[in-house]
Amino acid sequence: MKLLITGGAGFIGSNFIRHLINKYPDYHITNLDKLTYAGNLDNLKDINGHPNYTFIRGDICDAKAVADAASGVDAIINFAAETHVDRSILEPGSFIQTDVYGTYILLESVKAHGIRRYIQVSTDEVYGSIESGSFTEESPLMPSSPYSASKAGSDMLVHSYWKTYHLPAIITRSSNNFGPYQYPEKLIPLFITNALDDKQLPLYGDGLNVRDWIYVMDNCEAIDVVLHKGQEGEVYNIGGGNERTNVEITEIILRETGKPKDLIRHVKDRLGHDRRYSIDSSKLRTLGFKNRYSFEEAMIDTVRWYRENEWWWRKVKSEDFKKFYKKAYGEVEW
Ligand code: NAD
Ligand code: DAU
């Protein structure tokens with residue numbers, strides 16, 4: 001198979017490319033990535049130069065770049081997006097542009113080239129918050145942030161292209177991923193790297209918001225299963241089955257880094273902050289998928305990975321990163 005991965009220099013996309021290269025020695029993978037602040041070729045340092053891998057720097061909003069990259073491929077898997085909720089609250093424009101308009105360009109390309117499969121990597125955030133129980137794929141979309149609204153918009157577009165043009169498209173909606181190579185603006189890598197440096201851990205609000213955590217390699221396996229066995233026109237939820245409050249996550253990180261609780265700093269809450277995410281993944285299991293990683297062990301491995309890979313995150317937490325935090329929070333200590 002010839003696959004086009006978009007956004008493959010980010011967190012999940014780079015782990016997915018590594019998964020494919022290891023599992024399918026006869027596949028060829030092209031990675032089209034704009035290399036925004038979140039894209040990082042260091043994420044694929046071990047893959048660069050591999051004979052079955054080609055990197056192209058380009059924007060999914062650029063129809064010509066997409067057409068060139070998509071020519072002759074069997075499938076497109078779209079990871080490319082603006083992904084950080086806090087950034088979307090400050091500056092939503094690039095989210096609408098990449099997540100909605102970029103998806104439209106990709107769908108047009110699938111249509112024009114007769115590509116046999118399109119996977120839209122979406123998120124459980126499109127359903128919004130749920131007090132009790134879990135969302136199924138039939139639940140209404142109720143996004144809370146400009147990020148999740150732009151992802152919901154792209155899901156709607158994908159659905160419409162399937163219905164109107166019979167495009168062979170499938171949507172995956174996963175819960176919160178964690179693992180190696182995650183940009184340290186997100187809760188787990190931010191708190192691990194801050195703790196390693198004895199810096200404060202800014203916990204939003206009361207810290208009792210709940211997320212369902214999935215180890216990134218489980219999500220990669222699930223997307224692989226959907227790519228090969230999923231049904232066109234369908235949506236598949238991909239959950240971890242590990243609901244934890246942010247306080248619980250913070251306590252694990254402090255325990256594993258051996259740092260004191262007084263690093264925790266309660267800061268003002270995120271605007272429109274979703275209280276709890278929970279999805280029902282039983283439909284995915286009908287395709288034969290099973291989560292393989294234990295949450296506790298994966299968290300311990302993840303803390304160890306950041307401890308052993310300072311070369312990676314110190315470069316990332318550089319001037320650009322600090323500029324964002326200064327703009328978002330003023331003078332901060334973390
Ligand atoms: P990320 O922010 O780490 O990476 C995004 C990648 O997309 C970067 O490499 C970036 O350079 C690239 N990109 C951004 N705009 C682009 C454009 N216009 N053209 C080409 N490339 C562009 O994101 P991630 O956490 O790896 O998320 C990947 C996908 O998975 C996203 O679609 C996200 O919505 C979805 N998702 C993420 C999570 C999570 O917990 N991280 C959970 C569910 C779904
Ligand atoms: O649910 C899937 C989504 O998970 C993905 O679609 C998004 O791309 C991804 O960013 C993530 O969104 P969240 O908003 O849930 O993740 P984040 O890591 O930003 O925050 C997780 C929780 O931790 C949330 O309740 C906010 C809180 N938080 C986050 C940060 C960055 C803090 O308390 N302090 C922080 O500094």
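Starting from 1, each residue takes its place in the sequence as its number. Since we're looking at a predicted model, the values are computed, not measured. Atoms within each ligand, like the ligands themselves, are counted from 1 in listed order. What you see below is based on every heavy atom in this structure, not just the backbone, and it leaves out hydrogens, waters and symmetry mates.
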In terms of side-chain geometry, is the basic nitrogen of [X] or [Y] positioned less than 4.0 Å from the acidic oxygen of its partner?
{"X": "R255", "Y": "E296", "result": "yes"}
{"X": "E251", "Y": "K261", "result": "yes"}
{"X": "D46", "Y": "R18", "result": "yes"}

How about [X] and [Y]: are their ring centres within less than 6.0 Å of each other?
{"X": "F295", "Y": "W213", "result": "no"}
{"X": "F11", "Y": "Y183", "result": "no"}
{"X": "Y118", "Y": "W162", "result": "no"}
{"X": "H84", "Y": "F95", "result": "no"}

- Has E232 got more than 12 heavy atoms of other residues, nucleotides or ligands less than 6.0 Å from its CD?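 Buried by this count: over 12 neighbours within 6.0 Å.
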- Would you please classify the geometry between the Y104 ring and the Y101 ring as parallel, tilted or perpendicular, with 30° and 60° separating the classes?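 Ring orientation, 0 to 90° scale: tilted.
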[X]: heavy atom below 4.0 Å from ligand 1, yes or no?
{"X": "Y147", "result": "yes"}
{"X": "Y183", "result": "no"}
{"X": "S174", "result": "yes"}
{"X": "G8", "result": "no"}
{"X": "S14", "result": "no"}
{"X": "G58", "result": "yes"}

- Per-atom contacts, ligand 1 versus S175 - under 4.0 Å to a heavy atom: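 Heavy-atom distances to S175 below 4.0 Å select 42 (C), 43 (C).
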Backbone, side chain, both or neither: what part of [X] comes under 4.0 angstrom of ligand 1, heavy atoms only?
{"X": "T83", "value": "side chain"}
{"X": "T98", "value": "side chain"}
{"X": "D124", "value": "neither"}
{"X": "E125", "value": "neither"}

Check this for me - ligand 1, [X], N or O atoms closer than 3.5 angstrom, yes or no?
{"X": "K151", "answer": "yes"}
{"X": "K34", "answer": "yes"}
{"X": "G10", "answer": "yes"}
{"X": "A80", "answer": "no"}
{"X": "I60", "answer": "yes"}
{"X": "N78", "answer": "no"}
{"X": "D59", "answer": "yes"}

Would you say ligand 2 has an N or O under 3.5 Å from any N or O of [X]?
{"X": "R211", "value": "yes"}
{"X": "D274", "value": "no"}
{"X": "N246", "value": "yes"}
{"X": "N209", "value": "no"}

Has [X] got a side-chain atom pairing as donor or acceptor with [Y]'s backbone, closer than 3.5 angstrom?
{"X": "N291", "Y": "G239", "value": "yes"}
{"X": "D197", "Y": "K199", "value": "no"}
{"X": "S129", "Y": "R276", "value": "yes"}

- Between the side chains of S150 and D99, does any donor sit under 3.5 Å from an acceptor?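 Yes, a side-chain donor-acceptor pair sits under 3.5 Å.
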Just which atoms of ligand 2 are under 4.0 Å from any heavy atom in [X]?
{"X": "D124", "result": "1 (O), 2 (C)"}
{"X": "E125", "result": "1 (O), 2 (C), 3 (C), 4 (O), 5 (C), 6 (O), 7 (C), 11 (C), 12 (O), 13 (P), 14 (O), 15 (O)"}
{"X": "E185", "result": "31 (C)"}

- Message: Heavy-atom pairs closer than 4.0 Å: do any link ligand 2 to the side chain of V85, the backbone, both, or neither?
- Response: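 Answer for V85: side chain.
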- Message: Do I170 and L106 land in one hydrophobic cluster if side-chain heavy atoms of ILVMFWY residues count as linked below 4.5 Å?
- Response: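 Shared cluster, no.
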- Message: Nearest 0.5 Å, please: how far is CG in L141 from CZ in R173?
- Response: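 Going from the CZ atom of R173 to the CG atom of L141 covers 5.0 Å.
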- Task: Give, for atom OG1 of T193 and atom CD of E185, the distance between the pair rounded to the nearest 0.5 Å.
- Result: 11.5 Å
- Message: Heavy-atom contact check, 4.0 Å cutoff: does H273 meet ligand 2?
- Response: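 In this structure, H273 qualifies as a contact of ligand 2 - some heavy atom is under 4.0 Å.
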- Closest by any non-hydrogen atom to atom 35 (C) of ligand 1: pick that one out of D62, V121, V216, I188. V121
- Task: Considering heavy atoms of the protein only, find what lies nearest to atom 29 (C) of ligand 1 and give residue, atom and distance to 0.1 Å.
- Result: F79 O, 3.3 Å
